Amino acid sequence: MQAIEQMLTSAVVEGFKVLYGASCTPGMIQLQKTRKEFEGDITLVVFPLLKLSGKAPDVTAGELGNYLQANLPGITGFNVVKGFLNLVVSGRYFLQQLNRAASEDYYGFCSAGENSAIIMLEYSSPNTNKPLHLGHIRNNLLGFSMSKILKASGKKVIKTNLVNDRGIHICKSMLAWQLFGRGETPQSSGKKGDHLVGEYYVKFDQEFKKQVSELVSTGLKQEEAEKKAPLMLAAQEMLRKWEAGDETVMTLWKEMNSWVYAGFEETYRRLGVDFDKIYYESETWLPGKKAVLDGLAGDLLVQRPDGSVWADLRAEGLDEKVLLRSDGTSVYITQDIGTAQVRYQEFKPDKMVYVVGNEQNYHFTVLSLILSKLEYPWAKSLHHLSYGMVELPEGKMKSREGTVVDADDLMDEMISTAREMSKELGKLEGLNELEKENIFRIIGLGALKYYMLKVDPVKNMLFNPRESIDFDGNTGPFIQYTFTRIRSVFRKAAEQGIEIPCEAPLHVQLNDKEKNILRLLHEFPAVVQDSGNMYNPSLIANYVYDLVKEYNQFYHEYSILKEDDPEKKALRLVLSRVVSGVVKNGMELLGIEMPERM
RNA sequence: GGUUCCGUAGCUCAGUUGGAUAGAGCAACAGCCUUCUAAGCUGUGGGUCGCGCGUUCGCAUCGCGCCGGAAUCACCA
């Protein structure tokens, strides 16, 4: 209700001067949607204004109501309940808005101008030792959706991915492959590259555990055994060789990583996410190290006698944090310092947003403080878009217990569920196999994406693989279904030679359902802005659901093509077209495709 | 133990800066397809918004204290 709210706010301020000779600030004016059980569209809460008017709530409300009705053409009536002034907005106003929406392809979207803020958005950030899983799916969908939403709010967005391609974890996979792999490659085995490398990571863990328990049985303590197991020593040795640039290790590293990237690329493509710029930690850890050494030289950091370098954050209520180990090697946060700096130099973003799980909340507060300590002027521009864990009924996912839900498997399952369900319902007759498969893909992925995105990002969410993801009710397929039904009406209309008008007639009488839908449509631009400002795609998901739910009731109660009154029919056709457009645009902001039929 | 986040119907979740009688879906039960796609619609049942105190005209929402859950506090990433 953006436009009309602004109009009302200034009118109320003006009215207060005229009626009471008092000036109220816009902040005191509370406008909200009128609840369904009352007559009206917008409600002004008058409680905060009583001190200024010096009159009882109902009297103040009544006087203001009279003033607004007399002075605003958009307000055609009002009623007062206690301290609530319910205003009736003219149908004409909403119809004008409808026609405006009908004339815009991307109603509610702003396009980025010359001076738009540049936002660098990092998401996904996988390790290269195992395939993507359920947690990554939430991350990827959230990140990709936010990029769409921010663009629609008029920002310039650079999507980026930071690949964690170096470290002990990848060495473990490499080592296991060397020892047990017998030259197996994605080509020779037909396995997807990331899965293949992931198998050797698991293999390493299995063999490592065997060695540990053997050592324990010879009398060693668990901790010591873990440190002395030959496999672990070999992995550490390999990491040292990697840092020294050993040719054999580097060759193997490059090859196995390339398998993983090919696998990731396929998963990303199926998920429908992409990136503008990919960074590799193997390329940013050195700049990070340099930044820390520069900070040390500038007395911003402290060095201990053993050579390790620290940031002292005790003044900020936190602890000290190590940035370089005593042997001079870098730690995790050092790389993030380097990455941030490299990014800033390359793109000069106004904001750097990190889509990273809430398990790293502490890490990001520390990172931001350290960057401030290093006196980077852009340190405050970091924003951690923290999201909750995806939990299984048994609790956390554990690779060792085989409870990890693999991203590729999950997508396969969703699509085959869509296929089975469609077969059961006996739909899609007359389409060829290729077309059908594409629709199953759209529905299956739509269910998955909507399921993940309708939940507020800050909250942990539960995923039950056995019950799978619903296709009924508040779901992606439900929204897609309503969309295809509108498309179907339009196909019928075309068959009958009915044209869909560009505009609805302004004087047509609206029924309750129609007005509800118009009200909802009017909110869409504000919802897009809000979800951008609050980094929360679930606002859009829940909005689209509300709209679709409302439209379904309308659809069920009134016919469109069989309506006799030509103006009513025109309204309903335009209304349906705008609803389908807004639904499609809203879902696109969630990265969800819409099928033409299902 | 310190810090941060979460706690709303049997289950999964909405509830924008405090506002009127707290909403959906799933599950259960009862209806609606010769009429624009029934992945839909209608109805019934289901609540001490974790608990308590405070702030005020008014709190699921803000503050404090408990209770319960999660994450984190490494020369791991």
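Proteins come first, then strands; the chains are lettered A, B, ... in the order of their sequence lines, and each starts at number 1. Only a predicted model underlies this, so the values are computations on that prediction, with no experimental measurement involved.
Figure legend. G63(B) is base-paired to C53(B); pairs are counted as Watson-Crick or G-U wobble with both atom distances under 3.5 Å. The pairing partner recorded for A28(B) is U44(B), the criterion being a Watson-Crick or G-U wobble arrangement whose two distances lie under 3.5 angstrom. Pair assignment for C75(B) gives none, since no Watson-Crick or G-U wobble pairing has each distance under 3.5 Å. Of the nucleotides present, none pairs with U34(B) by Watson-Crick or G-U wobble criteria with both distances under 3.5 Å. For A22(B), there is no paired base (Watson-Crick or G-U wobble, both distances below 3.5 Å).
When heavy atoms are screened at a 4.0 angstrom cut-off, Leu539(A) is found touching the sugar-phosphate backbone but no base atom. Within 4.0 Å of Ile560(A), counting heavy atoms only, lies at least one base atom of the nucleic acid. Residue-level contact check: Asn533(A) touches neither bases nor backbone, having no heavy atom under 4.0 Å from any strand. Nucleic acid contact for Tyr558(A): base, since at least one base atom lies under 4.0 Å from a heavy atom of the residue. Across all strands, Thr365(A) comes closer than 4.0 Å to no nucleic acid atom at all (heavy-atom distances). Counting any heavy atom pair closer than 4.0 Å across all strands shown, Phe490(A) reaches no nucleic acid atom. As judged by a 4.0 angstrom heavy-atom cut-off over every strand, Asn464(A) is placed among residues making no nucleic acid contact. At a threshold of 4.0 angstrom between heavy atoms, the contacts of Met598(A) include nucleobase atoms, whether or not backbone atoms are also involved. Using a 4.0 Å heavy-atom cutoff across all strands shown, Val455(A) reaches sugar-phosphate atoms only and no base atom. Residue-level contact check: Pro393(A) touches neither bases nor backbone, having no heavy atom under 4.0 Å from any strand.
Both Leu462(A) and Phe84(A) sit near RNA chain B, but only Leu462(A) has its closest nucleotide nearer the 5' end.
Remark: the Asn129(A) side chain and the Ser173(A) side chain contain no N/O donor-acceptor pair separated by less than 3.5 Å. In this structure, a donor-acceptor pair under 3.5 Å is present between the side chains of Asn474(A) and Tyr450(A). Residues Asp41(A) and Thr34(A) have side chains that never bring a donor and an acceptor to within less than 3.5 angstrom of each other. No hydrogens or angles considered: nothing links the side chains of Asp470(A) and Thr475(A) as a donor-acceptor pair under 3.5 Å.
Phosphate proximity of A39(B) to Arg597(A): absent, as no side-chain N or O sits under 4.0 Å from OP1 or OP2. Checking the phosphate oxygens (OP1, OP2) of U72(B), no side-chain nitrogen or oxygen of Tyr362(A) falls inside 4.0 Å. Note on Lys562(A): every side-chain N or O is 4.0 Å or more away from OP1 and OP2 of U35(B). Look at Gln30(A) and you won't find any side-chain N or O under 4.0 angstrom from OP1 or OP2 of U17(B). Considering only side-chain N and O atoms, Lys569(A) lies nowhere under 4.0 angstrom from the phosphate OP1 or OP2 of C36(B). For A38(B), the OP1/OP2 oxygens have a side-chain nitrogen or oxygen of Arg485(A) closer than 4.0 Å. Listed pair Lys459(A) / A14(B) meets the phosphate criterion, a side-chain N or O lying under 4.0 Å from OP1 or OP2. Close to G25(B), at under 4.0 Å from its OP1 or OP2, lies a side-chain N or O of Lys549(A). Under 4.0 angstrom from either OP1 or OP2 of G23(B) there lies at least one side-chain N or O belonging to Arg35(A).
Seen from the ring of Tyr387(A), Arg138(A) does not count as a face-on cation partner, given the 6.0 Å and 45° thresholds.
The side chain of Arg325(A) has C75(B) as its nearest neighbour among C75(B), U12(B), A39(B). With G19(B), C36(B), A14(B) as the choices, the nucleotide that has an atom nearest any side-chain atom of Gln32(A) turns out to be G19(B). For Tyr481(A), counting side-chain heavy atoms from C-beta on, the closest listed nucleotide (U21(B), A77(B), A39(B)) is A39(B).
Nucleotide G19(B) holds its P atom 15 Å from the CG atom of Leu44(A), rounded to whole Å.
Both thresholds, 5.5 Å between centres and 30° between ring planes, are not jointly met by Phe478(A) relative to the base of A39(B), so the two rings are not stacked.
The base of A20(B) lies close enough to the side chain of Thr43(A) for a donor and an acceptor atom to sit less than 3.5 Å apart.
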